[in-house]
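Order of the sequence lines fixes the chain letters, A, B, ..., with proteins taken first and strands second; residue numbering starts at 1 for each chain.
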Number of protein chains: 2
Amino acid sequence: MTHMTINATEITGSRPPLPSAMTPLEVEAVDLFVGLAQVVGLPKSIGQIYGLLYISHLPLSLDDIVERLDISKGSASQGLKFLRSTGAVRLCDDHDSRCDRYEAEVGLRALATGFLKEQIEPHLESGEDRLARLRRLASTAPAAGRAHVAQRVKQLENWHRRAAGMLPLLIRFLGK
Amino acid sequence: MTHMTINATEITGSRPPLPSAMTPLEVEAVDLFVGLAQVVGLPKSIGQIYGLLYISHLPLSLDDIVERLDISKGSASQGLKFLRSTGAVRLCDDHDSRCDRYEAEVGLRALATGFLKEQIEPHLESGEDRLARLRRLASTAPAAGRAHVAQRVKQLENWHRRAAGMLPLLIRFLGK
DNA sequence: GTGGTTGTTCAAAAATTATTGAACAATTCT
DNA sequence: AGAATTGTTCAATAATTTTTGAACAACCAC
């Protein structure tokens, strides 16, 4: 019966279906996280990588990721670096395997904390400097609008305090 | 004494100092809001426009903004359109003036509400569709990882609920 | 050592996003 | 009516950000 084993590959001459293609489920999950990434202003590739790891039940290596997502090794490496730095992805200490494998951190609180600490906090800090400079300039403003300007600067400082106070609150709300 | 009215302009031949240059205070305020815009993923010009209106004690017209910020009329028009749509800027009904003048909305709650409603809410809504699709796909997943996938999808739905619940909470926290 | 992996870096290319400016409506003034 | 002013739109351009891929370093195994 061997002559019966003719398949589309032999007929068309095309390569066999990529063993690395994503399942529809993976595609959908990746898409979802790509969307999320856009919302928070992160590159698509980062959403892809996290999404794939999130839905995968096995840790994946860099090469796995490159293959499934069909992105360059460079992108994958950089993306993983970022995800590691924010704690969104863990290097899973998987002994006997020559290459590093990663798994997604799935605790919402850990994710949010990492993101806020890395992406928001620095801005809040540099904001303090800017506010100080503003306040100094405000005091030398032309008398005409001085009162108004002083009020606005004060309000900005108030916003800053609220924003700073919001971070812990947010994290708390995201629960254990 | 008219011959005494020689000034730098006549001596150097350059035009008189632009009446439209920003003061250092304005520059600093604009910079601050440009930074803020970047944080929330909005174009720089939008930060500039809002910053200028925020620090200004008088409502400004589109042409004022174009002059002070030295940006194109197109940018200013589009930027104002966005800021209006979000409620960050108000057309001030200033009667007897042929052109529209704008002033900044400075209530933190109003600002945040506008931003969240316009930029975040739509994503939460489309997220629901995506989650539904994911859930459907999960049920057809290969038995191997079915339980795992089901768990992850459930977790995503949980995240979605939390995120949706967070918006009102955020707004409340931003106070009156 | 050589040859085969695994992963990083970074300059160049590609893709995306923002800005410009000119053409166009719509108003208002004379 | 025409001329001047105000504001919008949108295709082209410019600026920015992301992705690629090739060069490289580090590590094993042989």
Side-chain angles (χ1 to χ4, degrees), chain A residues 20 30-31 33-53 58-86 89-103 118-119, chain B residues 20 30-31 33-53 58-86 89-103 118-119:
Chain A
S20 57
V30 165
D31 275 5
F33 282 98
V34 167
L36 242 171
Q38 314 265 65
V39 171
V40 300
L42 260 29
K44 174 170 146 179
S45 62
I46 288 183
Q48 291 178 287
I49 296 170
Y50 183 82
L52 183 60
L53 288 172
L58 293 177
L60 301 179
S61 70
L62 188 146
D63 282 331
D64 292 337
I65 292 169
V66 165
E67 261 190 44
R68 312 289 286 268
L69 256 23
D70 191 32
I71 61 180
S72 69
K73 225 157 44 120
S75 270
S77 176
Q78 289 180 177
L80 281 170
K81 175 154 80 160
F82 173 85
L83 289 168
R84 249 177 295 145
S85 83
T86 62
V89 140
R90 264 193 312 275
L91 184 59
C92 82
D93 40 321
D94 205 359
H95 32 274
D96 55 44
S97 161
R98 209 137 56 64
C99 68
D100 297 343
R101 294 180 174 279
Y102 295 92
E103 58 189 2
E118 185 118 345
Q119 310 287 297
Chain B
S20 56
V30 165
D31 275 4
F33 281 99
V34 166
L36 241 170
Q38 314 265 64
V39 172
V40 300
L42 260 30
K44 173 171 146 177
S45 63
I46 288 184
Q48 291 178 286
I49 296 170
Y50 183 82
L52 183 61
L53 288 172
L58 292 178
L60 301 179
S61 72
L62 188 147
D63 282 332
D64 292 337
I65 291 169
V66 164
E67 262 190 43
R68 312 287 290 267
L69 255 24
D70 190 32
I71 62 180
S72 70
K73 221 150 53 112
S75 269
S77 176
Q78 289 180 177
L80 282 170
K81 174 153 81 157
F82 173 86
L83 289 167
R84 250 178 295 146
S85 83
T86 250
V89 140
R90 266 191 311 274
L91 184 60
C92 82
D93 41 322
D94 205 357
H95 32 274
D96 56 43
S97 160
R98 205 138 58 65
C99 68
D100 296 344
R101 296 182 172 277
Y102 296 92
E103 58 188 4
E118 184 118 345
Q119 309 288 297

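- For Thr86(B) (side chain) and Leu83(B) (main-chain N/O), no donor-acceptor pair under 3.5 Å exists by modelled atom type.
- Counting only heavy atoms from C-beta outward, the side chains of Asp64(B) and Leu52(B) never approach each other to under 4.5 Å.
- The distance between atom CG of Leu60(A) and atom P of dT6(C), rounded to the nearest whole Å, is 14 Å.
- Distance CG (Leu83(B)) to P (dA18(C)): 14 Å, rounded to an integer number of Å.
- One finds no side-chain N or O of Ser45(B) lying less than 4.0 angstrom from the OP1 or OP2 phosphate oxygen of dA18(C).
- Residue-to-nucleotide proximity on DNA chain C shows that, of Pro43(B) and Lys44(A), the 5′-proximal contact is made by Lys44(A).
- Rounded to an integer number of Å, the gap from CD1 of Ile65(A) to P of dT8(C) is 11 Å.
- Residue contacts for Lys81(B): at a heavy-atom cut-off of 4.0 Å it reaches the sugar-phosphate backbone alone, with no base atom in range.
- Rounded to whole Å, the distance from CG on Leu62(A) to P on dT20(D) is 13 Å.
- For the OP1/OP2 pair of dT20(D) and a distance below 4.0 Å, the side-chain nitrogens and oxygens of Ser75(A) include at least one atom meeting the criterion.
- Residues Ile49(A) and Ile71(A) have side chains in contact (heavy-atom distance under 4.5 Å, counting atoms from C-beta outward).
- Along DNA chain C, the nucleotide closest to Gln38(A) and the one closest to Gly74(A) are compared, and the more 5′ of them pairs with Gly74(A).
- Ranking dG21(D), dT8(C), dT6(D) by closeness to the Asp63(B) side chain, first place goes to dT6(D).
- Contacts of Ile71(A) with the nucleic acid, taken as non-hydrogen atoms under 4.0 Å apart, involve only primed sugar atoms and P, OP1 or OP2.
- Between Asp100(B) and Leu62(B) there is no side-chain heavy-atom pair separated by less than 4.5 Å.
- The CD1-P distance, from Ile46(B) to dT20(C), rounds to 13 Å in whole Å.
- Counting heavy atoms from C-beta on, the side chains of Leu42(B) and Gln119(B) come closer than 4.5 Å.
- Between Glu67(B) atom CD and dT6(D) atom C1' there is a gap of 14 Å when expressed in whole angstrom units.
- In this structure, CD of Gln78(B) is placed 9 Å from C1' of dA18(C), rounded to the nearest angstrom.
- OP1 or OP2 of dT8(C) has at least one side-chain nitrogen or oxygen of Arg84(A) nearer than 4.0 Å.
- The CZ atom of Arg98(B) sits 5 Å away from the C1' atom of dT5(D) (whole-angstrom rounding).
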